[in-house]
There are 2 protein chains.
Amino acid sequence: MTADIERLLDETGWQLLQALQENARLSFQALGQRVGLSAPAVAERIRRMEDAGIIKGYRAEIDTALIGLPITAIVRISTPMGERYSQFATTAPEIAEVLECYHVTGNDALVMKVAVSSVKHLESLIDRLSVYGQVTTSIVLSAPVTHRTITRQTLQPPEDER
Amino acid sequence: MTADIERLLDETGWQLLQALQENARLSFQALGQRVGLSAPAVAERIRRMEDAGIIKGYRAEIDTALIGLPITAIVRISTPMGERYSQFATTAPEIAEVLECYHVTGNDALVMKVAVSSVKHLESLIDRLSVYGQVTTSIVLSAPVTHRTITRQTLQPPEDER
DNA sequence: AGTGAAACATAAACGGG
DNA sequence: CCCGTTTATGTTTCACT
């Protein structure tokens with residue numbers, strides 16, 4: 001963490017980040033009231049956090065189940081893939097059903113979160129993915145945590161665990 | 001998908017959803033220009049999508065690596081957990097490092113995405129989690145896809161796969 | 001469901017401390 | 001680095017279609 005970024009993350013910076021994680025459409029004025037700053041001051045701080053790359057963007061969160069994608073699954077692709085990995089890294093973004101994709105250590109080279117409209121749709125997706133390695137599919141039953149808000153606290157493991 | 005919701009998801013509705021997934025801070029006026037509607041009309045449509053639950057919220061996306069959480073990992077907890085699962089479902093939201101947590105089918109009862117500040121921090125987290133079952137940890141090396149924008153197309157598997 | 005205009009609120013730009 | 005003011009934009013309400 002550069003000194004540059006550390007300077008932005010004082011108490012006020014964290015309060016702004018937290019507020020924007022909870023509701024990204026809050027006005028600068030509303031944000032200012034929460035943190036005790038004027039709207040222009042807030043606007044400047046947020047612009048700097050955007051420029052520094054701390055804030056990567058603002059996104060509406062959509063209920064996939066409600067709009068016709070009732071099944072969410074975690075799909076892992078294991079098997080040594082060799083050069084097929086770099087190929088997959090470029091094709092993954094083109095598979096519409098893949099909401100998230102991670103290249104990870106360990107036996108499973110790839111872990112993905114996917115959303116599909118039916119079991120048949122899931123089957124066809126698995127077929128398409130099995131070209132790249134052995135596919136393991138786990139259907140999501142429930143999600144106790146979806147998008148945890150990151151706070152200053154998240155960074156602070158207990159004293160003896162840093 | 002109820003008829004109620006289907007009515008909101010015409011061409012314009014999808015365009016608005018897409019725009020808000022890309023930039024949740026766009027003004028109603030700016031959105032209106034994109035979709036060829038007046039600002040009040042856009043405000044109404046969005047309010048209805050919020051009320052229907054299609055839009056669950058608006059969140060700032062934070063770069064975890066930049067703010068002191070350089071390690072992201074996918075953690076799975078396997079092992080039959082029996083009644084310990086329901087216990088975990090309530091404690092998971094209290095573990096600050098857990099960004100997402102899913103209860104899934106298959107051998108691994110739980111899949112989580114976590115962010116930590118160091119290897120030592122990761123170790124301590126794994127220790128805390130191992131109470132609930134056998135823990136498998138995969139460190140994220142890269143993320144070819146992080147938050148895919150859901151479009152109408154996502155819903156439309158090829159003809160013979162519906 | 002959508003428009004256009006008016007009243008109101010918020011944002012951006014700029015100067016001052 | 002923050003505040004306050006001014007000018008430009010954006011939001012909301014409402015009468016009308």
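Each chain gets a letter, A, B and so on, in the order its sequence line appears, and its residues count up from 1.
Ring geometry for B/Y132 versus B/F88: interplanar angle over 60°, hence perpendicular rather than tilted (30 to 60°).
Using five terminal pairs a side, the axes of the helix from C/dA1-D/dT17 to C/dG17-D/dC1 at its two ends make an angle of 30°, given in steps of 10 degrees.
Distance CD1/B/I77 to SG/B/C101: 7.5 Å, rounded to 0.5 Å. B/I5 contributes atom CD1, which lies 8.0 Å from atom CG of A/D63 (distance to the nearest 0.5 angstrom).
Using a 4.0 Å heavy-atom criterion, one finds that A/A41 contacts the sugar-phosphate atoms exclusively.
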Side-chain donor-acceptor contacts of residues 12-19 of chain A below 3.5 Å, not counting sequence neighbours, with atom names and distances?
none

Atom pairs under 3.5 Å: protein N/O with N/O of nucleotides 14-17 of chain D:
none

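In this structure, A/R59 and B/E61 have side chains that are in contact, with non-hydrogen atoms separated by less than 4.5 Å. Residues A/R128 and A/I95 form a side-chain contact, since some pair of their non-hydrogen atoms from C-beta on lies under 4.5 Å apart. Here the side chains of A/Y102 and A/K113 are not in contact, with every heavy-atom distance at 4.5 Å or above.
A distance-only check finds no donor-acceptor pair linking the side chain of A/R76 to the backbone of A/T136 [under 3.5 Å].
By the neighbour-count criterion of 12 heavy atoms within 6.0 Å, atom CD of B/Q134 is sparsely surrounded, having that number or fewer from other residues, nucleotides or ligands.
Remark: B/R34 is not positioned above the aromatic ring of B/F28, lacking an NZ or CZ atom under 6.0 angstrom from the ring centre and at most 45 degrees off the axis.
Residues from residues 43-60 of chain A placing a heavy atom under 4.0 Å of any atom in DNA chain C do not occur. Against DNA chain D, the stretch residues 10-36 of chain A makes no heavy-atom approach under 4.0 Å.
The side-chain hydrogen bond (donor to acceptor under 3.5 Å, both in side chains) search around B/R152 returns B/E11, not counting sequence neighbours.
Residues B/Q21 and B/H147 bring no donor and acceptor atom of their side chains to less than 3.5 Å of each other.
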